[in-house]
Structures are given as structure tokens and as C-alpha cells.
Amino acid sequence: MDVELGLDTFGDIALGPDGVPLHPAAVIREVMAEGQLADRLGLDFIGLGEHHRADYAIAAPDTVLAGLAASTERIRLGSSVTVLSSDDPVRVFERFATVDAISQGRAEITVGRGSFIESFPLFGFDLQDYETLFSEKLDLLAAILSEEPVAWEGTTRPPLKVDRVQPGTESGRLTTWVGVGGTPQSVVRAAHYGLPVVVAIIGGATRQFVPLVDLYRRALAEMGKPELPVAIHSPGYVAATDEQAQEEYLPHFIGYMNLIGRERRWAPMTKDQALAQMGPDGAVYCGSPETVAQKIAESVRLLGAARFQLKYSMGTLPHDLRSECIRLYAEEVAPRVRELLGNGA
């Protein structure tokens, strides 16, 4: 069973060597270094998430990806995710087609609605239009992706009629995924447009998402679409041993979850709850290379996934620990996952 092993990061504002949070500019430079490291070590993909908050540095993934496109050789470069609801599909295509040109065909987009809403007021959109914005903009983007004449009308922007949106890609197709959480409507909509999906599993067991992926594949078949890949996005961290991984990761994981929890009025996360997320039925892939590889292989089997994307940054977790995590993931986890799945190193 073939599988790609990749990474995701949102450019979390981490701590510097002095224990003080870094400037976002420094974090972006660290993300650049991490993407270059992942490329040298042979990982398949790195995705950068778009956010507009003080705790994340990456607001323009395509700009950072353009830098990586010019400084890497083989790794595929994508967003995780582009918040399509508050963006312009024409500009999204133009920007990523440009990254595709710089990288000689390695660019990808993952579009979604995102898990935060800061971009809506920032760019002048009404949250009451949340569903309409995404559905109409995905419809327009799907038309643009054909790289053929576009004649589109909707309610969220003026009609668009052009021969094609420039610049086109050399391959004639810009790889585009839809990021989905857990709603049936999301996967059926992705199937309608013939787009692959990235399933964000950030809570609960992978097996809970089997019915969702089955629905996606049934929808593709019923709509006469070809089989398309499914990817998994989940948080995690790799260290030499399970004990070391937990010791290094837990403070940053719990701290970040409680930061979000205060915003969303969740109860504070306890250490036991955090450890449960790192267990066999949890959504966090934290541990030694063998522990993480076993868990990834099981998840890939359950969903028939073509790619696993480890969200390796977490809250204030510093650059040196993230870099070592990337090294272990590439050198020990990735070959072990492939061995477990029976397709070699």
C-alpha cells in the first residue's frame, strides 16, 4: 500500500532560547528552515495553514511557499488550509499557479473554511454568509481549475466571464484538495467537484471517520467520478522514546489547548486527558518513532489513506524540538510506516 508522509504547520508562535515568544518574522524564517530540512530528508509534502491571529505567524501561506519553491527540490508544497470563504478564488488560483511555476509543478491547494473566524471581519465578510460564501467560492474555484473558459454567476461577487484565468499551469491541472472536518455535506460536496479530501482528525479515534470516508467514496462512485485520494491531518510529535516525547510535548500541547479552550469556553484540559489523546484511540500521534509509525500505519489502513500529514508544530514548542521531530519522522517513522504497510522503504 503506497502512502505519502508529509507535514503541516501553522507557524505557531514558539518560544525562543530565552523562553520569550518569538517575533512572527523569526517564526516564518524557522518554518522556511523546517521546510528545507523536510525536503533534504525526503519527505513528500509540507502544508502551511492560513491564520490571522496573534498566536500564528503564517497569514499568507502562498508567499512562504513561494520562498520554499525557490529553495527546495522535490517536496510538494501546499496550504493547510487556504480559507476560501474569505478569499477570492481567482486570486487563489493565480497565486498558487505562480508557486507551481516557481516549483516546477509541486504546488497544491487545500481549501476549507478553517477552524477560526478572524478572517471574516478582517476582510469585510459577514458571518451570516458563512455557508454561502464557501459553497459559491468553491463552485467558482472548481470552474477556474479546469483552465478553460469560465462563465460563472453567483450572489457573493459579480459574474465572471473570461477565456481562462492566468497564469495557467504547465501540467494543465493545479492539484486541489478540500479540507473536511466531520460533516457528511462536506465530503459529498467535494465528491461533486471531483476533488480529493484531507480529513482533519484533531479529536477522537480514526475509526470514527471510517463512515465519513466510506460516504465520500460512495458519492464519487454514484456521481460517476474516478477514485480519488484521501489524506489525514493530525497533530503529533516524535522523540527518541515515548517518555521523552510526552515530557517535551505535553506542556506545549496542554498550554495551547487551554488557550483555545478559554476562547471557546471549554473546561481546562488535564494531564490525563492529554495523555488519553496520545493513546491508541486519541488523535495525537506522540511518542517514539515506533509508536508513531504503528499508529500512522493503522490510521492509513482504516481510511485507505494515500497521505498522512503530521501537524508537528504545537503552541510554543521551540524550533530545535520541531527540527528533531522532523528528522525522526523522516528517517525513522516514514520508512517504518512503509514497511508496516508492505511497500518498502
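In what follows, every heavy atom counts, from backbone to side chain, and hydrogens, waters and symmetry copies are set aside.
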Side chain Arg106, main chain Ser103, donor-acceptor under 3.5 Å: yes
Asp100 and Thr169: side chain donor to acceptor below 3.5 Å: no
Tell me whether Arg338 is salt-bridged to Asp44, with the criterion being a basic N under 4.0 Å from an acidic carboxylate O. yes
Would you indicate whether the side-chain heavy atoms of Val165 and Glu94 approach each other to under 4.5 Å? yes
Which value, rounded to the nearest 0.5 Å, describes the distance between Leu138 atom CG and His192 atom NE2? 9.0 Å
Electrostatic pair Glu290-Arg336, nearest N-O below 4.0 angstrom: yes
Any chance the rings of His52 and Phe116 have centres within less than 6.0 Å? no
When you compare the side chains of Ser79 and Glu50, does any donor N or O come within less than 3.5 Å of an acceptor on the partner? no
Quick check: are there more than 12 heavy atoms from other residues, nucleotides or ligands sitting under 6.0 Å from CD of Gln166? yes
Would you say the ring centers of Tyr285 and Phe308 fall short of 6.0 Å from each other? yes
Could you check whether any side-chain heavy atom of Glu263 comes within less than 4.5 Å of a side-chain heavy atom of Arg53, counting everything from C-beta outward? yes
Spell out, as yes or no, whether a donor-acceptor pair under 3.5 Å connects the side chain of Arg307 to the backbone of Val198. no
Are side-chain heavy atoms of His252 and Tyr237 found at a separation under 4.5 Å? no
Considering non-hydrogen atoms only, spot the tightest contact between Pro289 and Leu328 and give its length. CG-CD2, 4.4 Å
Arg40 and Glu73 ion-paired at < 4.0 Å: no
Check the pair Phe209, Ile201 against side chain to side chain contact (heavy atoms under 4.5 Å, CB included), reporting the backbone distance first and the verdict last. CA-CA 8 Å; Phe209 292 82; Ile201 304 177; 3.6 Å; yes
Side chains of Tyr216 and Val230, heavy atoms from C-beta outward: is any pair under 4.5 Å? yes
Hey, does the side chain of Ser288 reach the backbone of Thr291 with a donor-acceptor pair shorter than 3.5 angstrom? yes
Is Arg76 reaching over with its side chain to a backbone N or O of Ile46, donor-acceptor style, under 3.5 angstrom? no
Would you check if the side chain of Glu136 reaches a backbone N or O of Thr156 as a donor-acceptor pair within less than 3.5 Å? yes
If you measure from the Lys or Arg side-chain nitrogens to the Asp or Glu carboxylate oxygens, is any gap between Arg95 and Asp62 under 4.0 Å? yes
Any salt bridge between Arg157 and Asp88, counting N to O under 4.0 Å? yes
Between Arg327 and Glu34, is the closest basic N to carboxylate O distance under 4.0 Å? no
Polar side chain donor-acceptor pair, Asp8 to Ser80, under 3.5 angstrom: yes
Checking Tyr256 against Asp55: is there a side-chain donor and acceptor pair closer than 3.5 Å? no
Exceeds 12 heavy-atom contacts within 6.0 angstrom, atom CD of Glu153: no
Pick from Val27, Thr9, Asp12, Ile13: which one makes a side chain to side chain contact (heavy atoms under 4.5 Å, CB included) with Tyr56? Asp12
With no hydrogens and no angle check, do the side chains of Gln277 and Gln273 hold a donor and an acceptor under 3.5 Å apart? no
Begin with the C-alpha distance, continue with both residues' side-chain angles, and end with the deciding distance and a verdict on side chain to side chain contact (heavy atoms under 4.5 Å, CB included) for Val292 and Ile296. CA-CA 6 Å; Val292 173; Ile296 290 174; 3.7 Å; yes
Looking at side-chain heavy atoms only, is the closest gap between Val178 and Thr110 below 4.5 Å? no
Checking salt bridge (charged side-chain N to carboxylate O under 4.0 Å, His left out) for the pair Glu298/Lys295: CA distance, chi angles, key distance, verdict? CA-CA 5 Å; Glu298 178 63 17; Lys295 192 169 179 178; over 6 Å; no
Consider only side-chain N and O atoms of Ser299 and Arg207, and report whether a donor and an acceptor are under 3.5 Å apart. no
N/O donor-acceptor pair under 3.5 Å between Thr176 side chain and Leu174 backbone: yes
Under 6.0 Å from the ring centre and within 45 degrees of the ring axis: does the NZ or CZ of Arg322 meet both conditions for the six-membered ring of Tyr312? no
If we only count heavy atoms from C-beta on, is the Pro235 to Tyr249 side-chain gap below 4.5 Å? yes
So, do Phe125 and Ile117 sit near enough that their side-chain heavy atoms are less than 4.5 Å apart? no
Measuring from atom CG of Leu43 to atom CZ of Arg74, what distance do you get when rounded to the nearest 0.5 angstrom? 8.0 Å
Pair Glu131 + Arg189, salt bridge at N-O below 4.0 Å: yes
Please check if the side chain of Ser146 supplies one atom and the backbone of Ala143 the other of a donor-acceptor pair under 3.5 Å. yes
Report yes if the side chains of Val238 and Glu332 come closer than 4.5 Å at any heavy-atom pair, otherwise no. no
